[in-house]
Amino acid sequence: MFVAFARAFKTPDLRRKLLFTLGVIVLYRAGTHVPVPGVDYRTVQQCIDQTSTDQGLFGLVNLFSGGALLQITIFALGVLPYITASIILQLLTVVIPRLEALKKEGQAGTAKITQYTRYLTVALAVLQGTGLVATARSGALFPNCSVGGRIVPDRSVFTTVTMVVAMTAGTAVVMWLGELITDRGIGNGMSILMFISIAATTPSALWAIKEQGTLADGWFEFGGVILVALALVGLVVFVEQAQRRIPVQYAKRMIGRRAYGGTYTYIPLKLNQAGVIPVIFASSLLYIPSLVAQFSSGNSGWKTWVTSTLSQSDHPIYIAAYSVLIVFFAFFYVAITFNPDEVADNMKQHGGFLPGIRAGRPTAQYLRYVLNRITWPGALYLGFIALIPTIALATTGASQNFPFGGTSILIIVGVGLETVRQIESRLQQHHYEGFLR
């Protein structure tokens, strides 16, 4: 592996791409430490120190921003608005015929959808930035901090607008940096920035577990977390690369005096076809009742029930609801992103068929049957990985922000594998051996 890294840096074009990617990453991490105008930075740090073990409802967003959300910096929203906009556009493609037509137009249509994604990202950044400013002003961002209500000393309209504009501009800069990595660097830019955001918070979370530990001055818990993390990474790598290959045969066709076709290929159906999207959907949906209860006044019965159940990640009702939502969204996302009827029609038009199965409707039914069967273990696997923080909380007493949570591991391993594949393909173009031998 180290030899492959050395060969990668010896290749001129690959070295330039790697160094450019590293430079953009440094700029991104520098921006996560620049506070938004109008925020009392010392008060923010004081609140972070007081509530370092419990980030509450904003833990997921803070994870995707690399810790910039709770520090209220210009990159506080991170890549989350772009991710949300991309998911929304992907879902709307199935519903809106205009977007579906653009998707079928090839590169020109994809560029148009990308432009729509940018506009929606800015709109979501304005909305989320306004919500973050309102939360910080009310003191709900740090509910357990004694000085949480003094984070924004000046509550004038001008200061509020300035803060929202600064965070929206920061989101636009993050989106631009991600596109620069995609065009001139290695890998998908937004995925790389998301990977860096999650990896940046891992060392501090690991050290917090060591500080909270009681056995061997905390080193026993620290070592246990490392061993569990390595086992989970191995499991995720194994499952993410698992796929069901459905063989496809193309009939021979005579065009003039030449015969075309007669080749064999396969349709790769991944075991985890939905990726990390069901976990994000389920987490976001469960955050809504708790967020509403946090901002509501009074002590009504529904607020007490939500606070005692859906706001506690180790509660049985929360665990059951979380698991059911992950399974539901796994099937839902696979159903809207993979259309067996469309795949069967394309195969029929190009003379392809599955051995032993008639082309057309029988092929679509077979693909749907196989997809449903492999989605079940994939959905259960996502539920198991997502509940790792809850298991850690119950067994080790760690904080709810377990450093190797399900979302973190899925994103880190997925982005890492994809980036390594791209580097490996470029190495093989120069007749070098890659990472995965």
- Query: Taking only residues two or more places apart in sequence, or in another chain, which ones meet Y333 in a ring pair (Phe, Tyr, Trp, His ring centres under 6.0 Å)?
  - Reply: none
- Item | Any pair counted as ring pair (Phe, Tyr, Trp, His ring centres under 6.0 Å), so long as it reaches residues 70-112, sequence neighbours left out | Y28-F75
- Partners meeting salt bridge (Lys or Arg N to Asp or Glu O under 4.0 Å) with E105 (sequence neighbours left out): none
- Item | Y381 versus E240, side-chain donor and acceptor atoms under 3.5 Å | yes
- Task: List for me each residue that meets salt bridge (Lys or Arg N to Asp or Glu O under 4.0 Å) alongside K17, sequence neighbours excluded, and say none if there are none.
- Result: none
- Item | Ring geometry between F332 and F329 (parallel below 30°, tilted from 30 to 60°, perpendicular above 60°) | perpendicular
- List for me each residue that meets side chain to side chain donor-acceptor pair (under 3.5 Å) alongside Y266, sequence neighbours excluded, and say none if there are none. none
- Query: Excluding sequence neighbours, so at least two apart, what forms ring pair (Phe, Tyr, Trp, His ring centres under 6.0 Å) with F331?
  - Reply: W376
- Query: Is it the case that T160 and R137 place a side-chain donor and acceptor less than 3.5 Å from each other?
  - Reply: yes
- Item | Listed partners of R16 passing side chain to side chain donor-acceptor pair (under 3.5 Å), at least two apart | none
- Task: Could you tell me which residues satisfy salt bridge (Lys or Arg N to Asp or Glu O under 4.0 Å) with R118, sequence neighbours excluded, listed by chain and number?
- Result: E179
- Note on the structure: Exactly one of V276, V237, L232 clears side chain to side chain contact (heavy atoms under 4.5 Å, CB included) with I409, and that residue is L232
- Are the side chain of T73 and the backbone N or O of T32 linked by a donor-acceptor pair below 3.5 Å? yes
- Message: Whether the T114 and T117 side chains hold a donor-acceptor pair (N or O, under 3.5 Å, no angle test) is what I'd like checked.
- Response: no
- Under the ring pair (Phe, Tyr, Trp, His ring centres under 6.0 Å) test, residues paired with W176 that sit two or more places apart: none
Please list every donor-acceptor pair under 3.5 Å in which a side-chain atom of residues 162-172 meets a protein atom from a residue at least two apart or in another chain.
residue : atom : partner : partner atom : Å
T162    : OG1  : F158    : O            : 2.7
T168    : OG1  : V164    : O            : 2.8
T171    : OG1  : M167    : O            : 3.0

- Task: Could you tell me whether the side chain of F384 reaches within less than 4.5 Å of the side chain of L235, counting heavy atoms only?
- Result: yes
- Task: Return the set of residues passing side chain to side chain donor-acceptor pair (under 3.5 Å) with T43 (not counting sequence neighbours), or none when no residue passes.
- Result: D40
- Can you sort out the partners of E100 under side chain to side chain donor-acceptor pair (under 3.5 Å), two or more places apart, ordered by chain and number? none
- Any sub-3.5 Å donor-acceptor pair from T182's side-chain atoms to G189's backbone N or O? yes
